[in-house]
There are 2 protein chains.
Amino acid sequence: MLTIGKLGEAAGVKVPTIRYYEQIGLLPEAERSSGNQRLYGRKAMERLAFIRHARDLGFTLEAIRDLLSLSDKPDQSCAAADAIAKAQLAEVESRLARLTALKSELERMVVQCAGGKIADCRVIEVLGDHSLCATDHRHPETEATQ
Amino acid sequence: MLTIGKLGEAAGVKVPTIRYYEQIGLLPEAERSSGNQRLYGRKAMERLAFIRHARDLGFTLEAIRDLLSLSDKPDQSCAAADAIAKAQLAEVESRLARLTALKSELERMVVQCAGGKIADCRVIEVLGDHSLCATDHRHPETEATQ
DNA sequence: CCTAATGTCTCTAGCAACTATAGCTTCAAG
DNA sequence: CTTGAAGCTATAGTTGCTAGAGACATTAGG
């Protein structure tokens with residue numbers, strides 16, 4: 001049985017994060033030692049590794065919750081799991097497309113900066129006037145962050 | 001003079017977001033009508049467009065704050081603005097690299113899902129076992145998992 | 001066996017960057 | 001003059017953690 005610190009180290013997840021996952025019900029309540037410290041076995045370890053890997057792939061905690069509840073029902077069709085993964089793939093592809101456009105605009109901005117005064121700075125100018133920008137970000141509902 | 005709703009529509013920014021920007025000092029306090037409603041002129045419109053465009057490019061509000069204060073000093077060197085833009089470009093490039101890796105792993109997961117039962121589902125399996133995954137995310141030092 | 005240094009406990013609050021709700025007041029159209 | 005949309009303030013919620021305070025548990029060294 002591992003204490004929370006060892007588990008975190010093994011899974012690459014910080015201790016407060018593990019407690020947070022328990023709090024929101026992603027991990028079951030851990031067993032406790034006589035001194036009230038959390039103890040984890042192999043099952044908890046695997047579940048945490050699953051969560052972390054899915055987080056690394058950008059799945060939201062909600063999606064992970066769904067995937068975990070699916071993985072508890074091995075006899076059902078995996079269509080739902082497939083759908084979640086496909087949605088995630090679509091999300092990643094759209095972010096990728098947006099980021100690629102962003103990158104080229106930023107590159108143009110940076111290259112054009114001749115190192116003079118602010119008044120002549122292309123960075124400021126391009127940001128101030130959307131029409132100087134080739135790319136169209138008219139209604140991006142998706143976040144650029146994360 | 002525009003009301004907040006018109007301004008928001010013109011700039012593609014939601015009304016509560018404009019009030020939020022004012023609250024955190026990104027926009028100056030707006031003039032008010034006799035009935036206490038905010039009124040905006042061309043200068044506010046340009047400033048909001050600048051913010052919006054920079055947000056679209058993924059700049060944080062802090063970076064935008066810096067860029068705005070730079071743009072108010074047209075005689076200074078634009079090295080600082082250039083540095084902010086370069087940092088943003090580096091950030092975008094690193095996200096891009098990560099997302100590209102993510103995309104290929106998700107694609108593999110989805111393609112391999114044969115549409116059977118959860119017990120055989122590659123999506124669940126790959127998520128549960130990091131060693132099934134070629135790409136190495138986020139914790140290269142802790143991941144001797146093999 | 002005692003002590004000091006970690007590790008763990010709970011609880012609360014904070015971060016970005018908004019978004020939503022409630023309960024008002026003001027404004028423009030008919 | 002009335003009605004409905006749009007505005008106002010203030011507060012709280014969102015996601016996925018992270019940081020801090022103050023108290024208890026465990027462990028390594030002397």
Side-chain angles (χ1 to χ4, degrees), chain A residues 1-27 29-40 44 48 50-68 88 91 95 137 139-146, chain B residues 1-27 29-40 44 48 50-68 87-88 91 95 98 137-139:
Chain A
M1 289 302 229
L2 301 171
T3 59
I4 197 169
K6 300 294 175 192
L7 177 71
E9 209 176 314
V13 177
K14 287 179 191 148
V15 168
T17 304
I18 298 174
R19 288 196 279 246
Y20 169 70
Y21 287 162
E22 177 181 313
Q23 191 194 308
I24 63 169
L26 262 193
L27 290 175
E29 292 197 7
E31 277 181 69
R32 299 297 182 115
S33 72
S34 57
N36 198 37
Q37 302 197 345
R38 288 174 181 81
L39 292 177
Y40 298 92
L48 182 56
F50 184 104
I51 295 170
R52 170 156 116 90
H53 195 189
R55 284 298 294 140
D56 283 350
L57 289 170
F59 288 89
T60 64
L61 294 183
E62 255 336 286
I64 294 171
R65 202 187 288 279
D66 291 346
L67 287 168
L68 280 168
Q88 179 60 18
E91 175 64 32
R95 280 210 303 250
H137 312 292
H139 277 293
E141 293 310 318
T142 34
E143 253 293 274
T145 41
Q146 216 282 310
Chain B
M1 289 301 229
L2 301 172
T3 59
I4 197 169
K6 302 292 175 193
L7 177 71
E9 209 175 311
V13 177
K14 286 179 192 148
V15 167
T17 304
I18 299 174
R19 288 196 279 247
Y20 169 70
Y21 287 162
E22 178 181 313
Q23 192 195 309
I24 62 168
L26 217 49
L27 289 175
E29 292 197 6
E31 276 180 69
R32 297 298 180 113
S33 73
S34 56
N36 197 37
Q37 302 197 345
R38 288 174 181 82
L39 292 177
Y40 298 92
L48 183 56
F50 184 104
I51 296 170
R52 161 88 213 281
H53 194 188
R55 283 297 294 137
D56 283 350
L57 289 170
F59 289 89
T60 65
L61 293 183
E62 257 334 287
I64 294 171
R65 204 187 288 278
D66 292 345
L67 287 168
L68 280 168
Q88 179 60 20
E91 177 64 33
R95 281 209 301 250
R98 249 183 74 71
H137 308 292
R138 188 122 80 177
H139 281 284

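Since the structure is predicted, the reported quantities are computational estimates derived from the model, not experimental observations. Letters A, B, ... mirror the listed sequences (proteins, then strands); counts begin at 1. Keep in mind that the numbers below use all heavy atoms, side chains included, and drop hydrogens, waters and symmetry copies.
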Expressed in angstrom and rounded to an integer, what is the separation of [X] atom [atom1] from [N] atom [atom2]?
X: Glu31(A); N: dT8(C); atom1: CD; atom2: C1'; answer: 17 Å
X: Ile24(A); N: dC17(D); atom1: CD1; atom2: C1'; answer: 9 Å
X: Ile18(A); N: dC17(D); atom1: CD1; atom2: P; answer: 12 Å
X: Leu26(A); N: dG16(D); atom1: CG; atom2: C1'; answer: 11 Å
X: Met1(B); N: dC27(C); atom1: CE; atom2: P; answer: 15 Å
X: Tyr20(A); N: dA13(C); atom1: OH; atom2: P; answer: 17 Å
X: Ile51(A); N: dG16(D); atom1: CD1; atom2: P; answer: 12 Å

Gap between atom CD of Glu9(B) and atom NZ of Lys14(B) - 0.5 Å precision: 14.0 Å
Can you measure from CG (Leu27(B)) to OH (Tyr21(B)) and round to the nearest 0.5 angstrom? 8.5 Å
[N] phosphate, OP1 or OP2, under 4.0 Å from [X] side-chain N/O:
X: Lys14(A); N: dT18(D); answer: yes
X: Thr17(B); N: dT19(C); answer: yes
X: Thr60(B); N: dA16(C); answer: no

Side chain to side chain contact (heavy atoms under 4.5 Å, CB included), paired with Arg65(B), selected from Thr60(B), Leu26(B), Ile51(B): Leu26(B)
Please say which of Leu48(A), Ile4(A), Leu7(A) ends up in a side chain to side chain contact (heavy atoms under 4.5 Å, CB included) with Val13(A). Leu48(A)
Base, sugar-phosphate, or nothing for Tyr21(A), non-hydrogen atoms under 4.0 angstrom? sugar-phosphate
Which residue lies toward the 5' end of DNA chain D, Ser33(A) or Pro16(A), if each is placed at its nearest nucleotide? Pro16(A)
Taking the side chain from Arg52(A) and the backbone from Ala11(A), do they hold a donor-acceptor pair closer than 3.5 Å? yes
Please check this pair: side chain of Gln37(A) against backbone of Thr3(A), looking for a donor-acceptor N/O pair closer than 3.5 Å. no
Which residues satisfy the side-chain hydrogen bond (donor to acceptor under 3.5 Å, both in side chains) test with Glu22(B), sequence neighbours excluded? Arg38(B)
Base versus backbone protein contacts along nucleotides 5-12 of chain D [heavy-atom cut-off under 4.0 Å; B, S, -]: --SSB---
